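Both counts, for ligands and for their atoms, begin at 1 and track the order of listing. Residue indices begin at 1 and follow the sequence shown. As a basis for the values below, the full set of heavy atoms in this structure was taken, side chains included, without hydrogen atoms, waters or symmetry mates. All figures in this text were calculated on a predicted structure; none of them were measured in a lab.
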Amino acid sequence: MSSSVSVANEGGVAILTIDNPPVNALSFHVREPLTQALIALQEEASVVAIVIACAGRTFVAGADITEFGRPVQQPDLRAIVAALEAIAKPTVAAIHGTAFGGGLELVLGCHFRVADQGAKLGLPEVKLGLLPGGGGTVRLPRLVGAVKALRMIGSGTPIGADEAHGAGLVDAVFAGDLTTHAVNFAREMARKGGPFTPVRDRDEGLRETDLAAFDAEAADLAGKARGLEAPIACAQAVRNAVTLPFDEALAAERALFVKLVASDQSRAQRHLFFAEREAAKLPGNVVKRRIARVGVIGAGTMGGGIAMAFANGGFPVTLLETSQEALQRGLATVEKNYAVSVARRSLSEDAKRQRLGQFKGSIDHADLADCDLIVEAAFEDMAVKKEIFGKLDAVARPGAILATNTSYLDIDEIAASTSRRQDVLGLHFFSPANVMKLLEIVRAEKTAPDALATVVDLARRIGKVAVVVGVCHGFVGNRMLAARGSELEALLLEGAIPNRIDKAFIDFGWPMGPFQMGDLAGLDIGWRNRKARGLTAVIADTLCEQGRFGQKSGRGFYLYENGSRTPVPDPEVEALIRDKAAEKGIAPRTISADEIIERTLYPLVNEGAKILEEGIAARASDIDVVWVNGYGFPVGKGGPMFWAGLEGGARIVERLEYWHERTGKDVFKPAPLLKRMAETGSWETGSTAGIRG
Ligand code: NAD
């Protein structure tokens, strides 16, 4: 017997244990011996019942996703489930940890399921642009009903053992030694006697299906899918389980799976899955520094959110402000934000109290002396930051990590205001910092490897998706955002109204267009930045001069009536655009959605290529992680660099050259790396040095 699967006989009950660390994935070297063992046990006279259990910290947490996109070696999961369902003796799955994806489909092949009280069960395939392809969409509704199955499969969100028990997915929930309980349960079932009905022949979940209610739920899911095909395919597959005989529904599920697995969307989502894991890896194995208490400087928009992110992750936080008033204002906002979560029932009153209990306010830098990490989130002003870091140099304990949340400033210059440049780095959070997943970790010239490794690990502990980047104006995200937006004013003046441009973005799959985003963030921020840098934007500047700052003033590129957040196109803005165009002698013309994409998203990709060339990002996939998690780039397109591959590098280069010739603008000048990618189809930089040193 392979070491991945072992069999023990406990007084007539066979215990089949899968042992494939770290998460007992259903790889070929598990599937093969598992099938052999099931066939042997079926015939074995001394065995009256079979328990399937897992070694280690979890049940089977999924398929082996490295096998996706390759021909699957038999036996596949469906063959194992078929072998299970052919067994006349009672079969019991003993679930601890997580039974996800193929793991849950495996247990649906058993007659019974028992779970540890901490277990979680789910079918997360939709998050990879897929549906459960091992019979999950056809078997799960037979136990829990079509609507519940759709909610689980369509969202990919797992449920706990008690909920699974209530829904009919699990037959018993136990605390304590699960295998012993499962063996006793199996023996009891064998004693009661069969016949034991496999899930495929059960229908208690389907008997009273209200198809109209199901279709309403499916329509809701489709509405939220924003162009993603997988949720819609999931709904179709579950519906088939209700309307078609079992084997036909199973065949239809397979056909849908085969289509999805070969789709660009699923390839994009799988790319992102691996990209996020890859981004969090650092070469070498350095000893991390201990982080017990975190200091945050500035209790404004970002500081308050950053402090919440750490408190939510279980860290005590010292929050520093310049005055008692500013401190109290900041703390009151934090408290209000937690109260909103309580009102929405996403947080208990107890948890709120516990998290607020992590906060210590101060207006004295000396109180930061016991912090192991200090994150500065004061005004975006070099002089302010230098003064703060000078003070930190005097009060922080040796070895404390000193971080800045700056959006644009040169972190090497900030670091130089201390005598410990090895401890200084950037932690660029996104707003709202307690919600947004992305964290750009900026490695400065002298940042020590162990300081970097410590914050990469810390990011994971507070639930962030971390990407290590190098120092440049705006780092990866904001620098590329500027490139994306560089033609917006020109497009307006040439005849594309805000609504048309935003619609092209939404049709592409973005949650909102650039003008809606500007109105949401506040147009005054960009206006102030432009003034500080001696830049102008004729339309946006005029709107700000008129007091049109976006949603906060009820008017921006759009109108927002009576506090509504719904943008309404404003004829006054369109007239302003026409007037400014006329002043400049630009005759308006009709601008196609394709042109809008070419002049905004091709420069985005081009800037990404420059960032790679310069080693500001180590991998193209890191850039994708930044854009999907921080800026709403559609997941189904895999991020700008992955999408460039789908779009075709040659086409992008050709169109960039066309626009470069017409406008002479730098954003259109194709980066040498982009040209190389157009020839080879790969973003390989040929060097692994990059920012990782
Ligand atoms: P903010 O104006 O809302 O807050 C800044 C706070 O810092 C104020 O409460 C101020 O009283 C306090 N402060 C100023 N000087 C201080 C000092 N010497 N000691 C202690 N506190 C001090 O600004 P914000 O939007 O939170 O931005 C803070 C930083 O985060 C900036 O560097 C900004 O570029 C960056 N950032 C902002 C965003 C965003 O979306 N707002 C996103 C990412 C990064």
Side-chain angles (χ1 to χ4, degrees), residues 294-309 317-334 336-337 360-368 371 374-396 402-411 413-414 417 424-442 464 467 469 471 473-482 517-530 532-533 549-552 626 629-632:
V294 177
V296 176
I297 300 182
T301 310
M302 294 307 292
I306 293 168
M308 285 175 76
V317 178
T318 304
L319 189 57
L320 186 87
E321 258 294 348
T322 45
S323 67
Q324 276 300 342
E325 297 77 59
L327 180 62
Q328 291 318 319
R329 208 178 320 122
L331 286 171
T333 305
V334 167
K336 198 183 90 206
N337 287 339
K360 189 173 114 186
S362 170
I363 54 167
D364 181 357
H365 282 81
D367 285 336
L368 297 173
C371 293
I374 300 166
V375 186
E376 169 276 320
F379 300 132
E380 184 76 347
D381 179 315
M382 183 55 92
V384 170
K385 307 238 188 236
K386 278 183 166 172
E387 191 195 328
I388 291 174
F389 274 76
K391 282 187 186 154
L392 288 183
D393 198 19
V395 300
L402 311 181
T404 171
N405 183 49
T406 181
S407 307
Y408 294 98
L409 299 175
D410 181 348
I411 300 181
E413 194 180 334
I414 296 174
S417 59
V424 179
L425 45 76
L427 286 182
H428 185 216
F429 287 84
F430 288 71
S431 182
N434 53 318
V435 177
M436 293 289 288
K437 287 247 170 261
L438 180 65
L439 179 61
E440 278 184 326
I441 295 179
V442 193
K464 299 293 177 197
V467 179
V469 303
V471 175
H473 186 77
F475 316 116
V476 168
N478 283 343
R479 174 170 158 186
M480 287 174 70
L481 184 66
M517 188 179 128
D519 275 1
L520 177 67
L523 301 178
D524 50 323
I525 299 176
W527 188 37
R528 259 202 319 271
N529 283 343
R530 281 193 297 278
R533 302 178 64 207
F549 295 150
Q551 286 193 18
K552 62 173 121 173
V626 167
N629 289 287
Y631 296 84

Exercise. What distance separates H428 NE2 from L439 CG, expressed to the nearest 0.5 Å?
Worked result: 9.5 Å
Exercise. Distance-only, no hydrogens or angles: does the Q551 side chain make a donor-acceptor pair with backbone N or O of G522 under 3.5 Å?
Worked result: no
For this session: Locate the shortest heavy-atom distance separating V395 from A366; write the atom from each residue and the value.
Result: CG1-CA, 4.2 Å
Exercise. Between T301 and ligand 1, does any nitrogen or oxygen pair lie at a separation below 3.5 Å?
Worked result: yes
Exercise. So which protein heavy atom does atom 40 (O) of ligand 1 come closest to, and at what separation?
Worked result: S431 CB, 3.4 Å
Exercise. At what distance is the nearest protein heavy atom to atom 43 (C) of ligand 1, and which residue and atom is it?
Worked result: F429 O, 3.2 Å
Exercise. Counting heavy atoms only, which part of F430 comes closer than 4.0 Å to ligand 1: side chain, backbone, both or neither?
Worked result: neither
Exercise. For the residue pair W527 and F549, does the interplanar ring angle fall in the parallel (under 30°), tilted (30 to 60°) or perpendicular (over 60°) class?
Worked result: tilted
For this session: Would you mind finding which of M302, M436, K391 brings a heavy atom closest to atom 42 (C) of ligand 1?
Result: M302
Problem set entry | Rounded distance (nearest 0.5 Å) linking atom CD1 of I374 with atom OG1 of T318 | 8.5 Å
Exercise. Are any non-hydrogen protein atoms located under 4.0 Å from atom 23 (O) of ligand 1?
Worked result: no
Exercise. Atom 18 (N) of ligand 1: which protein heavy atom is closest, and how many Å away?
Worked result: I388 CD1, 3.4 Å
For this session: Pull out every atom of ligand 1 sitting under 4.0 Å from any heavy atom of G300, numbered as shown with elements.
Result: 3 (O), 4 (O), 6 (C), 9 (O), 26 (O)
Exercise. Atoms of ligand 1 less than 4.0 Å from H428 heavy atoms?
Worked result: 43 (C), 44 (C)
Problem set entry | Lys/Arg-Asp/Glu bridge criterion (N-O < 4.0 Å) met for K391, E387 | yes
For this session: Could you list which atoms of ligand 1 come closer than 4.0 Å to a heavy atom of S407?
Result: 33 (C), 34 (O), 35 (C), 36 (N), 37 (C), 43 (C), 44 (C)
For this session: Mark the output for K385 as yes if a heavy-atom distance to ligand 1 is under 4.0 Å, and as no if none is.
Result: yes
Problem set entry | From M302 atom CE to E380 atom CD, the distance as rounded to the nearest 0.5 Å | 10.5 Å
Exercise. Heavy atoms only: which of V296, N478, L319, I297 is nearest to atom 19 (N) of ligand 1?
Worked result: I297
Problem set entry | Structural part of A378 in contact with ligand 1, heavy atom criterion under 4.0 angstrom | both
Exercise. Considering only heavy atoms from C-beta outward, does the side chain of V424 approach that of I411 to under 4.5 Å?
Worked result: yes
Exercise. Is E321 close to ligand 1, meaning an N/O of one under 3.5 Å from an N/O of the other?
Worked result: yes
For this session: Would you check whether E376 reaches within less than 4.0 Å of ligand 1, judged by its heavy atoms?
Result: no
Exercise. Judging by distance only, is a nitrogen or oxygen of N405 under 3.5 angstrom from one on ligand 1?
Worked result: yes
Seminar exercise, completed: Of E440, E387, E380, the one whose closest heavy atom lies nearest atom 32 (O) of ligand 1 is E380
Problem set entry | Shortest protein contact, atom 2 (O) of ligand 1 (heavy atom only) | F379 CE2, 3.5 Å
Exercise. Got a donor-acceptor contact below 3.5 angstrom from the E376 side chain to the I388 backbone?
Worked result: no
Problem set entry | S417 and D393: CA distance, side-chain angles, deciding distance, side chain to side chain contact (heavy atoms under 4.5 Å, CB included) verdict | CA-CA 8 Å; S417 59; D393 198 19; over 6 Å; no
Exercise. Atom 17 (C) of ligand 1: which protein heavy atom is closest, and how many Å away?
Worked result: T322 CG2, 3.5 Å
Problem set entry | Ring centres under 6.0 angstrom apart (H473, F475) | no
Problem set entry | Between OG1 on residue T404 and CG on residue D410, distance to nearest 0.5 Å | 11.0 Å
